[in-house]
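Below: one structure, written as structure tokens.
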Amino acid sequence: MTESRGNWQWLYRLGSPRWFYDISGRWLPWLSALTFFLLMTGLVWGLAFAPPDARQGNSFRIIYLHVPASFLALAGYYIMAVAGAAGLVWRVKMAFIIMKSAAPIGAVMTLIALFTGAIWGKPTWGAFWVWDARVTSMLILLFLYIGVLALQRAFHNGDVGYKASAILALVGTVNIPIIYKSVDWWYTLHQPATLKLTSAPSMHIDMLQPLLVMIGGFYVFYVLVLCLFARAEIVCQERSTVWVRRRLEGTP
Amino acid sequence: MQIQFENVSDFLTMSGHGIYVWIAVFFSLTMLIALILFPLYVHAKVSKEARIDQHKTTAPLGGEGSV
Amino acid sequence: MGDIVQASVRVPNGFFAHAKHDLLLARRHLGDTLAPALFFVMACTLVPLGLSPDAQRLSEIASGILWIMILLATLLSVEKIFMLDYEDGSLEQLLIAPQMISIPILGKIFAHWLVIGLPLTLLSPLLGVMLSLPTVAFLPMILSLALGSAYLSLIGAVGAALTVSLGRGGLLLPLLVIPFYMPIVIFGTATVNAAVAGQFWLAPLAIIGAMLCGAMALCPLAVSATLRAMSNA
């Protein structure tokens, strides 16, 4: 194996479910440990050590779950769509597996963001649900995820299901900016004067640090769970191949 | 940096906001744990089925030949 | 040179041939064709019954009701765009043809709009009167619905293509498509409401036009990619 070939070898290997299954198996313990460490540190730091917000008091601590989940809800859709596009263009099976795995994770992240947002809304706005621009956009994002999940489940032929949901995810990516802009515009049109978001212009550094740890922790968590879902999907798709049987037998 | 609460009950009530914070934490952690457990469950189930199929249909794998 | 001339003649032919074919099919299945319009009228009748017959209250929400009902009526019919062709195999033939299939697909979507969107738009003034929509809002409502229903057909065609091979797409299709319909409902009702409030209603209408142009460019591509993915399996 020469060096010049070696430079591109990883790209071809990346497309192979077998290679991914083996390499991710080696990553899993490290990813799990890092996820646990970051999430526990961020959570304890944010819940117990960060100073309370001047206006919102302790209820602001929900931010340490709400913001990272919102980040990944949106980023997850783009990860799903990019993986789907890679699958459609280069016909890489692994890309489709990543796309399929990203859908349920993104949907759950969106659900967490919506739920924590609603809980946070009660002490802040006085109501669990407010038709605020960001809340509404998040809800529509959840619907987009549900559409992709429903389409994935509907097809018995794996390959067609992959392609169909990849196309739907791509159509969604084109539409997400339109949806966000239109909902924003709609909200400014109907904005009731009594509702004002009481967020400080910039966060204090003592509050920001645990938030950054939590965002990092959520990203590592995302990678970990993406690997777990992808591995389950690989075993499901390739259960009749020799190499999967070998792995299940325990012989490498 | 120092802990913001004087004792455990203060930490749990969070001056009235505790119920909101803890519900949010509980829900989020439940969801995150479910996200970890679900693919592990699917993996284990599929592996078990595949092992049963294998013993039914084919002879145990030899050492030679790989795909 | 000759190829170019031939191609430029053939492309509109594909458009009109498929549009005409679908219009003939629509006339043959007249019951299915008329159902969305009847649904539109009946569902709009539910609103005064469920809410209140008060003209003042109805006029405030008339724009939203008309837009939502048009959306639902379109959803009822949109799975039909490719279903009949899929069942009798002519969709498969379209995919084998060497020419670009975006143009025939656009023709089919145009036919769907002529059969569904346009009649609903023409019915809307009648329901506007019944829901006491202010007179100033009629022109913006008709224009926004005419453009908007074409957008509904285009997006709906993508959903119809994605679910055509499932056979039971009727349940899945709304789940896929409704999130994509949300912006157009916002701008559609905003056009009508702006006219009611005496504001400049051409601005949201222009956005609807822009979204329609974007959808006309992209949706046929998405549909053809989907149909090819389905037929390769």
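So that the names make sense, note that chain A is the first sequence line, chain B the second, and so on, each numbered from 1.
- The two atoms that bring Leu176(C) and Gly147(A) nearest to each other are CD2-O, 3.1 Å, heavy atoms only.
- Not counting sequence neighbours, Phe180(C) has no partner by the ring pair (Phe, Tyr, Trp, His ring centres under 6.0 Å) test.
- Annotation: the span from Thr163(C) atom OG1 to Leu151(A) atom CG amounts to 8.0 Å, rounded to 0.5 Å.
- For Ile167(A), the part lying under 4.5 angstrom from a heavy atom of chain C is the side chain only.
- Contact record, Ala150(A) with Leu172(C): CB-CD1, 3.3 Å, taken as the closest heavy-atom pair.
- To the nearest 0.5 Å, the span separating OH on Tyr187(A) from CD1 on Ile186(C) amounts to 13.5 Å.
- Proximity to chain C among residues 171-184 of chain A is limited to Val171(A), Gly172(A), Val174(A), Asn175(A), Ile178(A), Ile179(A), Ser182(A), Val183(A), judged by heavy-atom separations below 4.5 angstrom.
- The 12-atom threshold is not exceeded at CZ of Phe71(A), counting heavy atoms of other residues, nucleotides or ligands nearer than 6.0 Å.
- Listed in order of number, the residues of residues 100-117 of chain A that approach chain C to under 4.5 Å between heavy atoms amount to none.
- The residue among Leu162(C), Thr226(C), Leu175(C) with the most heavy atom pairs within less than 4.5 Å of chain A is Leu162(C).
- Summarising the local packing, CE of Met83(C) is surrounded by more than 12 heavy atoms from other residues, nucleotides or ligands at distances under 6.0 Å.
- Every residue was checked against the ring pair (Phe, Tyr, Trp, His ring centres under 6.0 Å) condition with Phe40(C), not counting sequence neighbours, and none meets it.
- Neither the backbone nor the side chain of Ile178(C) has a heavy atom closer than 4.5 Å to any heavy atom of chain A.
- When the candidates Ile146(A), Leu144(A), Leu170(A) are compared by the number of heavy-atom contacts under 4.5 Å with chain C, Leu144(A) comes out ahead.
- Ranked by heavy-atom pairs under 4.5 Å with chain A, the first of Ala161(C), Gly159(C), Pro179(C) is Pro179(C).
- Heavy-atom contacts from other residues, nucleotides or ligands closer than 6.0 Å to CH2 of Trp129(A) number more than 12.
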